[in-house]
Protein chains: 2
Amino acid sequence: MNKSNVNIIARKTKQREAILKVLKTTDSHPTAQWVYEQVRRELPHISLGTVYRDLKLLKQSGEIEELKFCSSQSRFDGNTGKHSHFCCLKCNSVFDIQEPVDDALDKRVAKENHIDIHYHRLEFFGLCRNCR
Amino acid sequence: MNKSNVNIIARKTKQREAILKVLKTTDSHPTAQWVYEQVRRELPHISLGTVYRDLKLLKQSGEIEELKFCSSQSRFDGNTGKHSHFCCLKCNSVFDIQEPVDDALDKRVAKENHIDIHYHRLEFFGLCRNCR
DNA sequence: TTAGGTGCAAAACCTTTGCCATCCC
DNA sequence: GGGATGGCAAAGGTTTTGCACCTAA
């Protein structure tokens with residue numbers, strides 16, 4: 001993606017490791033608060049401020065993604081493989097959609113609009129299996 | 001879109017008319033604060049709370065859309081015609097991309113995942129003309 | 001007339017930050 | 001050792017809400 005992403009994180013700490021592990025072992029696209037609660041089971045003295053700081057660092061280094069659609073709070077995704085998301089308009093749950101991303105689209109739209117496009121996101125909205 | 005959207009708004013008020021007019025006459029995808037400042041030129045005593053309340057009602061009735069990507073605050077879009085958005089990763093500006101929306105995609109993804117899809121959004125991220 | 005809407009201000013909510021102690025390289 | 005990081009708590013920014021008054025229908 002971007003060379004400037006490299007080496008933003010200088011040290012390996014148990015807090016950041018634990019946060020990343022939580023995100024890599026769930027596909028629930030959790031909020032910072034939920035990550036905090038999970039990590040606290042392993043590191044009871046971690047603070048919410050640290051969770052936010054480390055989430056920001058992990059995002060900048062490209063290891064996780066921040067999702068902002070659906071609900072007022074950010075959600076974080078440890079799956080950096082290319083995929084799309086679905087958000088239920090009723091229960092606000094978010095889950096992955098394995099829809100291949102069309103990179104040719106980025107090139108065409110970039111050319112047409114005279115801009116640089118790094119990536120795009122495709123998000124579906126509707127009703128999930130439980131709410132339909 | 002959804003029949004339940006109809007008749008959420010019971011009365012026509014000058015505040016809501018003015019808010020809608022601001023959104024319909026700009027393509028800048030403004031924040032609530034910016035809408036507030038604009039409307040105040042016409043209705044100096046309107047409150048920010050009213051702006052938020054009316055933006056929510058207008059969204060529920062389908063007259064405007066709320067955009068959450070890029071930056072911590074919501075942006076509002078009075079253009080409900082189908083289109084996509086671009087967000088500059090450097091200056092955070094948002095503008096429209098006239099890329100036709102593929103409705104067949106919704107049907108296929110809905111079928112594959114056993115969910116109801118009402119619509120999708122396509123968002124591009126990169127560097128705008130000024131920042132590239 | 002009256003239910004819905006507004007203005008105001010306080011509260012709620014999410015996220016960031018300052019400070020100092022602690023830890024990693 | 002020294003700079004990066006964390007814990008804690010306070011601050012900051014955005015959005016929501018309670019309440020009394022107002023107004024469109």
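Note that the structure is a prediction, hence the values are computed from the model and not measured. Protein chains get the first letters and strands the later ones, always in sequence-line order, with residue 1 at the start of each.
Residues meeting the side chain to side chain donor-acceptor pair (under 3.5 Å) test with Gln33(B), sequence neighbours left out: Glu37(B). The side chain to side chain donor-acceptor pair (under 3.5 Å) check on Ser47(B) picks up Thr50(B), with sequence neighbours excluded. A search for side chain to side chain donor-acceptor pair (under 3.5 Å) contacts involving Glu42(B) returns Lys21(B), not counting sequence neighbours.
Checked by distance alone, Arg40(A) brings no side-chain donor or acceptor within 3.5 Å of a matching partner on the base of dG7(D).
Residue Leu48(B) contributes atom CG, which lies 14 Å from atom P of dG13(D) at whole-angstrom precision. If you measure from atom OH of Tyr52(A) to atom C1' of dG12(D), you get 13 Å, rounded to the nearest angstrom. With rounding to whole Å, Leu57(B) atom CG is found 16 Å from dT15(D) atom P. One atom, CD of Gln15(A), and another, P of dC8(D), lie 11 Å apart when rounded to the nearest Å. One interatomic measurement links the two molecules: NZ of Lys56(B) to P of dT15(D), which rounds to 11 Å at whole-angstrom precision. Rounded to whole Å, atom P of dG13(D) lies 16 Å from atom CG of Asn92(B). Rounded to a whole Å, the CG atom of Leu43(A) is 12 Å from the P atom of dC8(D). Protein atom CD1 of Ile19(A) is 7 Å distant from nucleotide atom P of dG6(D), rounded to whole Å.
Under 4.0 Å is where a charged nitrogen must lie from a carboxylate oxygen, and between Glu99(A) and Arg108(B) at least one such pair does.
Each of Arg75(B), Arg121(B), Lys82(B) was evaluated against Glu65(B); a single residue qualifies, Arg121(B), per the salt bridge (Lys or Arg N to Asp or Glu O under 4.0 Å) test.
Side-chain proximity of Arg53(A) to dG7(D), dT15(D), dT14(D): nearest is dG7(D).
Asp102(A) and His120(A) share no donor-acceptor pair across their side chains, judged by distance under 3.5 Å alone. Using modelled atom types and a 3.5 Å distance limit, the side chains of Glu63(B) and Ser61(B) yield a donor-acceptor pair. A donor and an acceptor atom, one from each side chain of His118(A) and Asp106(A), are nowhere located under 3.5 Å apart.
Thr31(B) comes within contact range of no nucleotide atom at all, as no heavy-atom separation falls under 4.0 Å.
Axis angle, first five pairs versus last five pairs of the helix from dT1(C)-dA25(D) to dC25(C)-dG1(D): 40°, rounded to 10°.
For DNA chain C, the span of nucleotides reached by chain B at under 4.0 Å from its heavy atoms goes, 5' to 3', from dA3(C) to dC8(C).
Nucleotides of DNA chain D nearest to Thr50(A) and Ser72(A) differ in position, and the one nearer the 5' end is that of Thr50(A).
Separating the CG atom in Asp54(B) from the CD1 atom in Ile9(B) is a distance of 7.5 Å, to the nearest 0.5 Å.
The aromatic rings of Phe69(B) and Phe125(B) stand perpendicular to each other, their planes meeting at an angle above 60°, with 30° marking the opposite boundary. Note: Phe86(B) and Phe95(B) have tilted aromatic rings, judged against thresholds of 30 and 60 degrees for the angle between ring planes.
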Point to revise | Base versus backbone protein contacts along nucleotides 20-25 of chain D [heavy-atom cut-off under 4.0 Å; B, S, -] | key: ---BBS
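Closest of all the heavy-atom pairs between Val22(B) and Trp34(B) is CG1-CZ3, 3.9 Å.
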